[in-house]
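If you're wondering where the values come from, they're calculated on a predicted model, not measured in any experiment. Scope of the values below: all heavy atoms of this structure, side chains included, with no hydrogens, waters or symmetry mates.
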Amino acid sequence: MDGGYQLVNLSTGAVVASAPFVGTVPAAALGDRFGVRGLYNQFDVRGSDFAVLDYAFTGAPNDEDMTGGRFTPVWASKVPDLEGTTLISDISVELGEEGLNIMRSGSGDSIKIQAKDCAQGGIFQMEPERSDGGLTRMVHTLAQPADPAIRPFFFDNPNFRAVVGQFLGDDCVSVETGPPSTFCVEGRTRVNIGNDFSPDFVARDSSQVAEQVLQPECNTAVPVTPSVEHCGMVSIWDVASGGRMGFVTGEDAVELANPPTECVQDCQAQNQVRGRLAVLGFPFPVPAGSRLTPPTSAVLVPQPVTLPSGGSQIAAGSAPSTPALRAAVSGRRGGAVTATARWRAPANARAAGTVRYQVRAVRLGANGKVLGEKVSAKTGSSARSEKMVLARGAYRFQVRAVNAAGASDWTARSNKVRAR
């Protein structure tokens, strides 16, 4: 049975728009909080910031139903931090047979929501746009329904942890070396969402041009190393202007695929390749030791950026702080001679506006003697790694952040890796 959305004024119960519809709806017609009601999923939207509230699957019959026929709450809220600004425009609406696009703008900000009224798949995303090109922090909090059986939780999927570093997919020649390609993907850890009622219910956050804000206080109930640094009830993301933050469900949530392309315009809610990639699934019930804990951490509530009076732009002279270095990676044998530097955004990235990065490869000889250096061109603002083509040998990397106001200090040198 095909789905399809209606927009509902929650105060009056009036259906303001239903598919098919393309046009502009006055904000007053929908009210401060309005309902998006589909056959298979539903949620509310807060008009002032387009926060998504009370997202749930309805449990309506469908061959791809994951819920076991039960109304299944997933998200209590998905809240963008607009740093004090408010969305004030009327609402642009497109309603198709099973899809929705709604958008609202304010002073320098806009949020677009795309959704599909389907039982599973790539079914939801939010896209922030900022006139200053800065990041938008989004805080996602899972629902807490009264029935513990359908109460969702984040977990470190042990099926994925078991294959970290292995190559899987139709085009893989070797589980140890791949070679990596669209259909041969290196295993890495995966945080999923599950519950204790349905063995089919599974979901995960899905992003394009966004960086997860790590929560180092959190780990699995039986601690593992390295930790995914993710809490049990909340995920936090810094999303680039024009990027997107969504979630996928069902098979898409447990498929070992390459990260999505870095789309910053008209991104689609699904970027998956079916049939040729490894689908790893998840254990049900999820082992207690794999569940992430505690529910929240000290970085749950983002602190507002201090802005100059009367404006939403970053004060002149606000250079970025130094990025946080991550472990560098040696190159793989065969093909170009490379090694890869990795880092996390500086602590003040949101306040510093558009930030780009430079990487310095320091070549080492015997006894650690420096033989030379190579500095990369500036990367894009969303980059968190840089694979550099180098002469064969041993290297340590340094990274600095750069914006219009200046540059940070270089990081300390990374672990030693080999270009090969």
State, yes or no, whether a side-chain contact exists between [X] and [Y] at a heavy-atom distance under 4.5 Å.
X: Arg161; Y: Asp156; value: yes
X: Gln166; Y: Cys172; value: no
X: Ser131; Y: Ser107; value: no
X: Val36; Y: Val45; value: yes
X: Ile91; Y: Phe34; value: yes
X: Thr141; Y: Trp75; value: no
X: Leu168; Y: Val163; value: yes
X: Leu7; Y: Leu30; value: yes

Mind checking the [atom1]-[atom2] spacing from [X] to [Y]? Nearest 0.5 Å is all I need.
X: Asp170; Y: Leu277; atom1: CG; atom2: CG; value: 7.5 Å
X: Asn41; Y: Ile123; atom1: CG; atom2: CD1; value: 5.0 Å
X: Leu292; Y: Phe155; atom1: CG; atom2: CZ; value: 9.5 Å
X: Thr24; Y: Asp90; atom1: OG1; atom2: CG; value: 7.0 Å
X: Arg342; Y: Arg326; atom1: CZ; atom2: CZ; value: 4.0 Å

Indicate yes or no for a side-chain donor-acceptor contact from [X] to the backbone of [Y] under 3.5 Å, with no hydrogens or angles considered.
X: Arg188; Y: Glu186; answer: yes
X: Ser89; Y: Ser105; answer: yes
X: Glu129; Y: Ser241; answer: no
X: Arg70; Y: Gly59; answer: no
X: Asp32; Y: Ser48; answer: no
X: Asn258; Y: Ser181; answer: yes
X: Arg190; Y: Glu255; answer: yes
X: Asn157; Y: Thr189; answer: no
X: Ser227; Y: Glu229; answer: yes
X: Asn9; Y: Gly13; answer: no

Provide the closest heavy-atom pair for [X] versus [Y] in the form atom of the first, atom of the second, distance.
X: Ser235; Y: His230; result: CB-NE2, 3.5 Å
X: Pro323; Y: Ser408; result: CD-OG, 3.6 Å
X: Phe71; Y: Ala56; result: CZ-CB, 3.5 Å
X: Glu386; Y: Ser376; result: OE2-CB, 4.1 Å
X: Phe397; Y: Met388; result: CE2-SD, 3.9 Å
X: Pro73; Y: Ala143; result: CB-CB, 3.6 Å

Describe, in one word, how the ring planes of [X] and [Y] are oriented to each other, choosing from parallel (under 30°), tilted (30 to 60°) and perpendicular (over 60°).
X: Phe201; Y: Phe57; value: perpendicular
X: Phe124; Y: Phe247; value: tilted
X: Tyr357; Y: Trp343; value: tilted

Can you confirm whether Met103 is buried at CE, in the sense that more than 12 heavy atoms of other residues, nucleotides or ligands lie under 6.0 Å from that atom?
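Not more than 12 within 6.0 Å, no.
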
Please report the C-alpha distance between Met126 and Lys112 in whole Å, then the side-chain angles of each, then the deciding distance to 0.1 Å, and finally whether the side chain to side chain contact (heavy atoms under 4.5 Å, CB included) criterion is met.
CA-CA 6 Å; Met126 299 174 69; Lys112 178 165 69 173; over 6 Å; no

Worked check of salt bridge (charged side-chain N to carboxylate O under 4.0 Å, His left out) between Arg151 and Asp196:
CA-CA 7 Å; Arg151 192 173 297 160; Asp196 285 321; over 6 Å; no

Within 45° cone of Phe153 ring axis and under 6.0 Å: Arg291 NZ or CZ
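Cation-pi check for Arg291 and Phe153: passes.
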
Cation-pi geometry met for Arg360 and Trp410 (6.0 Å, 45°):
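Verdict for Trp410: a cation-pi partner in Arg360.
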
Taking it one step at a time, do Arg344 and Glu211 satisfy salt bridge (charged side-chain N to carboxylate O under 4.0 Å, His left out)?
CA-CA 8 Å; Arg344 295 191 178 104; Glu211 181 175 14; 5.1 Å; no

Just do the side chain to side chain contact (heavy atoms under 4.5 Å, CB included) check on Tyr40 and Asn62 with the steps written out, would you?
CA-CA 8 Å; Tyr40 302 112; Asn62 186 287; 3.3 Å; yes

Take Arg400 and Asp409 through the salt bridge (charged side-chain N to carboxylate O under 4.0 Å, His left out) test and state the conclusion after the steps.
CA-CA 6 Å; Arg400 70 176 180 179; Asp409 293 334; over 6 Å; no

Using side chain to side chain donor-acceptor pair (under 3.5 Å), reason through Glu251 and Gln120 one step at a time and then give a plain yes or no.
CA-CA 8 Å; Glu251 181 176 307; Gln120 63 169 277; over 6 Å; no

Within the 3.5 Å criterion, strictly below it, is a donor on [X] or [Y] matched to an acceptor on the partner's side chain?
X: Gln6; Y: Ser18; answer: no
X: Asn415; Y: Tyr395; answer: no
X: Thr85; Y: Asp109; answer: yes
X: Ser206; Y: Arg244; answer: yes

With side chain to side chain contact (heavy atoms under 4.5 Å, CB included) as the test, would you mind laying out the steps for Arg104 and Ile111 before giving the verdict?
CA-CA 6 Å; Arg104 194 179 192 194; Ile111 300 285; over 6 Å; no

Using the side chain to side chain contact (heavy atoms under 4.5 Å, CB included) rule, take Leu87 and Leu82 through it: C-alpha gap first, then chi angles, then the decisive distance, then the call.
CA-CA 9 Å; Leu87 305 180; Leu82 302 187; 3.9 Å; yes

Quickly, which of Asp44, Thr58, Asp117 forms a side chain to side chain donor-acceptor pair (under 3.5 Å) with Arg37? Name it, please.
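Running side chain to side chain donor-acceptor pair (under 3.5 Å) over Asp44, Thr58, Asp117 with Arg37 returns exactly one hit, Asp44.
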
Write out all pairs satisfying disulfide (SG to SG under 2.5 Å) with one or both partners inside residues 226-258, taking only residues at least two apart or from two chains.
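Residue pairs passing disulfide (SG to SG under 2.5 Å), neighbours aside: Cys218-Cys231.
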
